[in-house]
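For reference, the structure discussed in these notes is given below.
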Amino acid sequence: MNEGNPPSRYTLVAIVLHWALAAGIVALIVMGMAMTKLDLPILFKFKVYQLHKSIGITVLLLAVLRLGWRIWHPAPALPATMSRNERLLAHAGHWVLYLLQFAVPLLGWAVVSAAVLNIPTLLYGVVPWPHLPLLSTIANRAQVEPALATTHALMAYGLVLIVVGHVAAALRHHLVLKDDVLARMIPGLRQRPGKDEPAASG
Ligand code: HEM
């Protein structure tokens, strides 16, 4: 683990993982809503489900990489101008985001593993992906599948709320507080001098 002072920017790997996960999550929310709420032609609906599963498992794998990277590469410090409560809120929001990045795809994987129809998952039409071992053998699928699907949906919409709060906070930092917080996650966006202190990790 890196023991020195926190860096002033995120690493390129952290930036790429952040935006890949953001894009994946937005795509999954749109797809998830479309495939469960719209009256789509059956073959198209099947394809959207398969793509949703593929991107969802990709998000899960990227979340593992991201957490591993984050453990060994501390985040830049939060701006010195933030109050104690704002820092606490920021840290809590980030850890809930991490938690949901794992919980939501794991629950999606659980749904397909316990599904009554028991449809195999072939990631991007190529890579066979197993069902979760404990769930693939259960007998009462008709009760378990809807319970898991509801939990997956509730947590996914919880993730939407947290993401909206996260985006609003990032925009507030950039447009109102005019500090570095958004710039250090966007390559090429100029950092503003003098607003951050390299002391506490964020
Ligand atoms: C961050 C990752 C994910 C997000 C944000 C997400 C989001 C969503 C959303 C918004 C829905 C619609 C919920 C509703 O209104 O009923 C949904 C449904 C669904 N998702 Fe995901 N999903 C993710 C990962 C996965 C994964 C990894 C799988 C499977 C491998 C999966 C399988 C499903 C299935 C099968 C449904 C339909 C459930 C039903 O029949 O009601 N999802 N997802």
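First listed ligand is number 1; within each ligand, the first listed atom is number 1. Since we're looking at a predicted model, the values are computed, not measured.
- Under a 4.0 Å heavy-atom criterion, Leu60 is not in contact with ligand 1.
- Contacts of Met35 with ligand 1, taken as heavy-atom pairs under 4.0 Å, involve the side chain alone.
- The closest protein non-hydrogen atom to atom 5 (C) of ligand 1 is Ile29 CD1, 3.6 Å.
- Formation of a donor-acceptor pair under 3.5 Å by the Glu86 side chain with backbone atoms of Ser83 is found in this model.
- In the candidate list Gly56, Ala156, Gly24, Ser54, Gly56 is nearest to atom 27 (C) of ligand 1, counting heavy atoms.
- With hydrogens left out, the protein atom closest to atom 11 (C) of ligand 1 is Gly32 CA, 3.5 Å, a heavy atom.
- A donor-acceptor contact under 3.5 angstrom links the side chains of Trp69 and Thr11, judged on distance only.
- Taking CE of Met31 as the start and NZ of Lys53 as the end, the distance is 13.0 Å to the nearest 0.5 Å.
- Taking every heavy atom of Ala153 and a limit of under 4.0 angstrom, the matching atoms of ligand 1 come to 13 (C), 14 (C), 16 (O).
- Minimum heavy-atom separation, Ala156 to Ile29: O-CD1, 3.8 Å.
- Considering backbone and side-chain N/O atoms, Trp109 never comes within less than 3.5 Å of an N/O atom of ligand 1.
- The residue from Lys53, Lys37, Met33 that puts a heavy atom closest to atom 14 (C) of ligand 1 is Lys37.
- Scanning all heavy atoms of the two residues, the minimum distance from Met155 to Ala103 falls at SD-CB, 3.9 Å.
- Counting protein heavy atoms only, atom 2 (C) of ligand 1 is closest to Leu28 CD1, 3.3 Å.
- Applying the ring pair (Phe, Tyr, Trp, His ring centres under 6.0 Å) definition to pairs two or more places apart or across chains, none involves residues 19-55.
- Among all protein heavy atoms, the one lying closest to atom 8 (C) of ligand 1 is His52 CE1, 3.4 Å.
- Looking at Trp129 against ligand 1, nothing comes within 4.0 Å, counting heavy atoms.
- The shortest separation from a heavy atom of Val112 to ligand 1 is under 4.0 Å, placing the residue in contact.
- Note: an N/O pair closer than 3.5 Å links His152 and ligand 1 by distance alone.
- Panel note: side chain Trp95, backbone Ala90; no donor-acceptor pair is recorded below 3.5 Å.
- Close contacts between ligand 1 and Val104 involve ligand atoms 2 (C), 3 (C), 4 (C), 5 (C), 6 (C), 23 (C) [criterion: under 4.0 Å to a heavy atom].
- In the vicinity of Tyr49, heavy-atom distances shorter than 4.0 Å reach the ligand 1 atoms 35 (C), 37 (C), 40 (O).
- Residue-ligand proximity, Val59 to ligand 1, at heavy-atom distances under 4.0 Å covers atoms 1 (C).
- The minimum heavy-atom distance linking Pro105 with Gly56 is given by the pair CB-O, 3.7 Å.
- Residue His94 holds its NE2 atom at 14.5 Å from CG of Leu99, rounded to the nearest 0.5 Å.
- Of the heavy atoms in Ala149, only side-chain atoms (C-beta onward) come closer than 4.0 Å to ligand 1.
- Look at Tyr157 and you'll find a heavy atom under 4.0 Å from some atom of ligand 1.
- Between the side chains of Asn118 and His131, at least one donor-acceptor pair of N or O atoms lies under 3.5 Å.
- Across every non-hydrogen atom of Leu38 and Lys45, the tightest pair is O-NZ, 4.0 Å.
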